[in-house]
Amino acid sequence: MLLIAKIITALVAILHLYFLWLEMFAWTTKARKVFKNFPQDLFEPTKSMAANQGLYNGFLAAGLIWSLLIQDSVWQFYIALFFLSCVAVAGIYGAMSVSKKIFTIQAMPALIGIVLLLATLYSS
C-alpha cells in the first residue's frame, strides 16, 4: 500500500511539473490546445499571471518530490500528506471557481494519494 501511495505522490508531482511547464513556458503556444475553452485572445495578456500560477504548481511539485526523498518515515508521511492536501484543496477550489474538470485532473489524484497514505497508517 505504501508503494502505491508513493507512486501516486510521484504522479501528482509529475502532473504539477507539467502544469509548471505549460503555464510558465508554453502558455501562448501549447496551452492554447490544452485550454480550449479559454478565449484565444487572452493568452498573451495573461501570460505573466499564468507564469505566476505555474510557479505555485512548481512549489507543490517540489514539496511532493521532497516528501519522496525524506528518509524518516513519519516525517515523510506528514510532508506528503501536507502537500497532497494542498493539491487537493487547490483542485477543489479550481473545480468550484473555474471548471469541474479540475476536480478530476488535479484533486482526485491527490485525494487518492491521501486515502492511500492514511490506509498505510491504519494497516500497520
Side-chain angles (χ1 to χ4, degrees):
M1 192 74 67
L2 181 59
L3 178 61
I4 297 169
K6 287 182 179 185
I7 291 170
I8 295 294
T9 300
L11 290 174
V12 173
I14 291 166
L15 192 59
H16 280 76
L17 287 174
Y18 171 69
F19 297 155
L20 173 146
W21 171 79
L22 197 62
E23 294 168 345
M24 290 189 81
F25 305 109
W27 185 246
T28 58
T29 56
K30 301 288 185 192
R32 290 177 185 265
K33 295 173 187 155
V34 174
F35 300 103
K36 294 175 185 151
N37 292 335
F38 193 74
Q40 293 295 305
D41 60 319
L42 291 181
F43 277 95
E44 195 59 47
T46 59
K47 188 175 179 178
S48 62
M49 289 182 353
N52 186 41
Q53 188 169 306
L55 185 63
Y56 284 97
N57 280 308
F59 292 142
L60 292 172
L64 292 166
I65 293 165
W66 174 42
S67 78
L68 295 170
L69 300 174
I70 297 170
Q71 298 298 313
D72 181 89
S73 61
V74 174
W75 184 238
Q76 182 183 63
F77 172 85
Y78 285 116
I79 297 300
L81 186 62
F82 172 77
F83 280 99
L84 286 170
S85 297
C86 289
V87 170
V89 169
I92 291 167
Y93 181 80
M96 292 178 0
S97 62
V98 179
S99 168
K100 304 266 186 269
K101 188 176 175 183
I102 294 173
F103 181 83
T104 306
I105 294 170
Q106 186 175 2
M108 187 61 75
L111 290 169
I112 291 169
I114 290 168
V115 167
L116 290 170
L117 272 178
L118 292 173
T120 64
L121 182 67
Y122 293 109
S123 68
S124 52

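Positions are given from 1 along the sequence. Everything numeric here is computed off the predicted structure, so don't read it as measured data.
Distance check, rounded to the nearest 0.5 Å: CD1 of Ile79 to CG of Leu69 gives 12.0 Å. Atoms CG and CD1, on Leu20 and Ile14 in that order, are 13.5 Å from each other to the nearest 0.5 Å. Residue Gln40 holds its CD atom at 11.0 Å from OG1 of Thr28, rounded to the nearest 0.5 Å. The distance from atom CG of Leu2 to atom CG of Leu121, rounded to the nearest 0.5 Å, is 11.0 Å. Between atom OG of residue Ser97 and atom CD1 of residue Ile92 there is a gap of 11.5 Å, rounded to the nearest 0.5 Å. Put simply, CD1 on Ile112 and CG on Leu84 are 11.0 Å apart, with the number rounded to the nearest 0.5 Å.
Within the 4.5 Å cutoff, no side-chain heavy atoms of Leu68 are placed close to those of Leu64. With contacts defined as side-chain heavy-atom distances shorter than 4.5 Å, the pair Val98/Tyr93 does not qualify. Counting heavy atoms from C-beta on, the side chains of Trp21 and Leu17 never come closer than 4.5 Å. For the pair Leu117/Tyr78, no side-chain contact is recorded, criterion being any heavy-atom separation below 4.5 Å from C-beta on. Proximity of Ser67 to Thr9: side-chain heavy atoms (C-beta onward) are separated by under 4.5 Å at one or more points. At least one side-chain heavy atom of Phe35 sits less than 4.5 Å from a side-chain heavy atom of Leu22. Side chains of Phe19 and Val34 form no contact here, defined as non-hydrogen atoms less than 4.5 Å apart.
Atom CG of Asp72 is surrounded by more than 12 heavy atoms from other residues, nucleotides or ligands within 6.0 Å.
Transitive grouping of hydrophobic side chains (ILVMFWY, heavy atoms separated by less than 4.5 Å) keeps Ile65 and Trp75 in distinct clusters.
Closest of all the heavy-atom pairs between Ala50 and Glu23 is O-CB, 3.2 Å. In plain terms, the two heavy atoms of Ala107 and Ala88 that are nearest each other are CB-O, 3.8 Å.
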Check the pair Phe38, Trp27 against ring pair (Phe, Tyr, Trp, His ring centres under 6.0 Å), reporting the backbone distance first and the verdict last.
CA-CA 11 Å; Phe38 193 74; Trp27 185 246; 5.7 Å; yes

side-chain contact (heavy atoms from CB on, under 4.5 Å) between Asn57 and Gln106: does it pass, once the steps are laid out?
CA-CA 11 Å; Asn57 280 308; Gln106 186 175 2; 4.3 Å; yes

Go through the steps for Val87 and Leu15 under the test side-chain contact (heavy atoms from CB on, under 4.5 Å), then give the verdict.
CA-CA 11 Å; Val87 170; Leu15 192 59; over 6 Å; no

